[in-house]
Structure formats: structure tokens, C-alpha cells
Amino acid sequence: QVQLVESGGGSVQAGDSLRLSCAASRVNVSNYAMAWFRQAPGQERDFVAAIKWSGDSTYYRDSVEGRFAISRDNGKNTLYLQMSSLKPEDTAVYYCAASPLTYTSRNAYIMEVAYAYWGQGTQVTVSS
């Protein structure tokens, strides 16, 4: 079973950057769809970004488009989320997710139920 461990969260000022990492172990996830979700206090978990197993297709929620970049290094079994121009509304626990299935549409990638494996989350706090 896939184990996912996120790292790289922290407390930053608005406008700063952070890079989150998600290291997968026990299973080679190079052919898995992977994604980042986030959950702010008192809110539901929301889609942030997703990437196809090959890395040649990426998807973002509108509010992070142009500021966040998802990428993967299949040789290292690791997923990344580069976050720039951070805003207080980006404050949340960020979760890494993985699915062994291949999806063909954005609508599939953005759904929480599409992912079978989840990390424990890493806190990102952005102050103004």
C-alpha cells in the first residue's frame, strides 16, 4: 500500500513562497495520478492541483492558477507543489493524494473520491 508523507509546510508572510514535497514509499507511483488538496479550518477539503502520471498534464483550481506549480520526479517517487505569491486565504492543511487509475478529464482529477491514498497533511500558514 502506498505511503505518502508531506513536508515543507510552515508559517510565512503574504507574498512569500514555499515548496511542498510529498514522498511516496512502499509502491512506485510513477504511473499514478497525483494531486494536492487543502483544508482550511472549519471548511471542507478542496482540490488545489493535480498532475497526470507522465507529468504532461496539470490542473489547478482557479484561485491558485499562475501562482502554484505542481510537478513530479518519478525517479524520486516524489510530488511537489511550488507556491508563490502566497495569500492569507491559502492558509490550510495541505494533503498529497495518489491514485493508480488513469483519468482523461479535469473533472476526474479534481474529485477527492478519485484518490485512494492520502498523506497526513502539512500545515501552511500565511499571515498578512
S.K.: Who passes side-chain hydrogen bond (donor to acceptor under 3.5 Å, both in side chains) against D62, sequence neighbours left out?
M.R.: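 Not a single residue meets the side-chain hydrogen bond (donor to acceptor under 3.5 Å, both in side chains) criterion with D62.
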S.K.: Kindly write out the residues that satisfy ring-ring contact (aromatic ring centres under 6.0 Å, His included) with F68, not counting sequence neighbours, or none if the list is empty.
M.R.: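 For F68, no residue satisfies ring-ring contact (aromatic ring centres under 6.0 Å, His included) once neighbours in sequence are set aside.
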S.K.: Taking side-chain hydrogen bond (donor to acceptor under 3.5 Å, both in side chains) as the definition, give me every residue that meets it alongside S99, ordered by chain and number, with sequence neighbours left out.
M.R.: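 So S99 forms a side-chain hydrogen bond (donor to acceptor under 3.5 Å, both in side chains) with Y103.
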S.K.: We want to know whether N28 and S30 form a side-chain donor-acceptor pair, criterion being a heavy-atom distance below 3.5 angstrom.
M.R.: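 Distance-only check passes for N28 and S30.
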S.K.: Quick one: does D46's side chain get under 4.5 Å of Q39's, heavy atoms only?
M.R.: no
S.K.: Are V2 and I51 connected in the hydrophobic side-chain network, where two residues link if heavy atoms are under 4.5 Å apart?
M.R.: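 V2 and I51: one cluster.
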S.K.: Which atoms form the tightest heavy-atom contact between A92 and A40, and what is the distance?
M.R.: CB-N, 3.8 Å
S.K.: Within a strict 4.5 Å, meaning less than it, do heavy atoms of the V64 and R38 side chains meet?
M.R.: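 A side-chain contact under 4.5 Å exists here.
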S.K.: Scan residues 8-108 for pairs that pass disulfide (SG to SG under 2.5 Å), counting only residues two or more places apart or in two chains.
M.R.: C22-C96
S.K.: Among Q120, R26, M34, which one satisfies side-chain contact (heavy atoms from CB on, under 4.5 Å) with L4?
M.R.: M34
S.K.: Taking only residues two or more places apart in sequence or in another chain, which ones pass ring-ring contact (aromatic ring centres under 6.0 Å, His included) with Y59?
M.R.: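 Partners of Y59 under the ring-ring contact (aromatic ring centres under 6.0 Å, His included) test: Y109.
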S.K.: According to salt bridge (charged side-chain N to carboxylate O under 4.0 Å, His left out), does anything in residues 16-25 pair up with another residue at least two apart or in another chain? List the pairs.
M.R.: none
S.K.: Return yes if some donor-acceptor pair links the side-chain N/O of N77 with the main-chain N/O of V29 below 3.5 Å, else return no.
M.R.: yes
S.K.: Using the rule that two of Ile, Leu, Val, Met, Phe, Trp, Tyr join whenever any of their side-chain heavy atoms come within less than 4.5 Å, decide whether L81 and L79 are in one cluster.
M.R.: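 Linked within one cluster.
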S.K.: Are any side-chain N or O atoms of S84 and backbone N or O atoms of S17, one a donor and one an acceptor, separated by less than 3.5 Å?
M.R.: no
S.K.: Applying salt bridge (charged side-chain N to carboxylate O under 4.0 Å, His left out) as the test, list every pair that has at least one member in residues 94-120; sequence neighbours left out.
M.R.: R45-E112
S.K.: Side-chain heavy atoms under 4.5 angstrom apart, residues restricted to Ile, Leu, Val, Met, Phe, Trp, Tyr: same cluster for I70 and L86?
M.R.: yes
S.K.: If every non-hydrogen atom of T78 is compared with every non-hydrogen atom of A23, which pair is closest and at what distance?
M.R.: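 Reported closest heavy-atom pair: OG1-CA, 4.2 Å.
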S.K.: Which atoms form the tightest heavy-atom contact between E6 and G121, and what is the distance?
M.R.: OE1-N, 2.9 Å
S.K.: Looking only at heavy atoms, what is the nearest atom pair of A49 and Y60, with distance?
M.R.: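 Scanning both residues, the minimum pair turns out to be CB-CD2, 3.6 Å.
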S.K.: Applying disulfide (SG to SG under 2.5 Å), which residue pairs with at least one partner in residues 35-88 are found, sequence neighbours left out?
M.R.: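 Applying disulfide (SG to SG under 2.5 Å) to every pair that reaches into residues 35-88, excluding sequence neighbours, yields nothing.
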S.K.: Applying salt bridge (charged side-chain N to carboxylate O under 4.0 Å, His left out), name anything that partners E89, two or more places apart in sequence or on another chain.
M.R.: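 Once residues adjacent in sequence are excluded, E89 has no partner under the salt bridge (charged side-chain N to carboxylate O under 4.0 Å, His left out) criterion.
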S.K.: Scan residues 25-47 for pairs that pass ring-ring contact (aromatic ring centres under 6.0 Å, His included), counting only residues two or more places apart or in two chains.
M.R.: F37-F47, F37-Y115, F37-W118
S.K.: Could you give all pairs that pass the salt bridge (charged side-chain N to carboxylate O under 4.0 Å, His left out) test and reach residues 64-86, with sequence neighbours left out?
M.R.: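 Pairs touching residues 64-86 that pass the test: R67-D90.
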S.K.: Does any non-hydrogen side-chain atom of L20 lie less than 4.5 Å from one of M83?
M.R.: yes
S.K.: With side chains defined as the heavy atoms from C-beta onward, is the minimum distance between L18 and V124 less than 4.5 Å?
M.R.: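 In contact.
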S.K.: If a pair satisfies salt bridge (charged side-chain N to carboxylate O under 4.0 Å, His left out) and one of its residues is in residues 114-128, list it, with sequence neighbours excluded.
M.R.: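 Of all non-adjacent pairs touching residues 114-128, none passes salt bridge (charged side-chain N to carboxylate O under 4.0 Å, His left out).
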S.K.: With the side chain counted from C-beta on, respond yes when V12 and T125 share a heavy-atom pair under 4.5 Å apart, and no when they do not.
M.R.: no
S.K.: Kindly indicate whether the side chain of Q3, heavy atoms from C-beta on, has any atom under 4.5 Å from the side chain of Y117.
M.R.: no
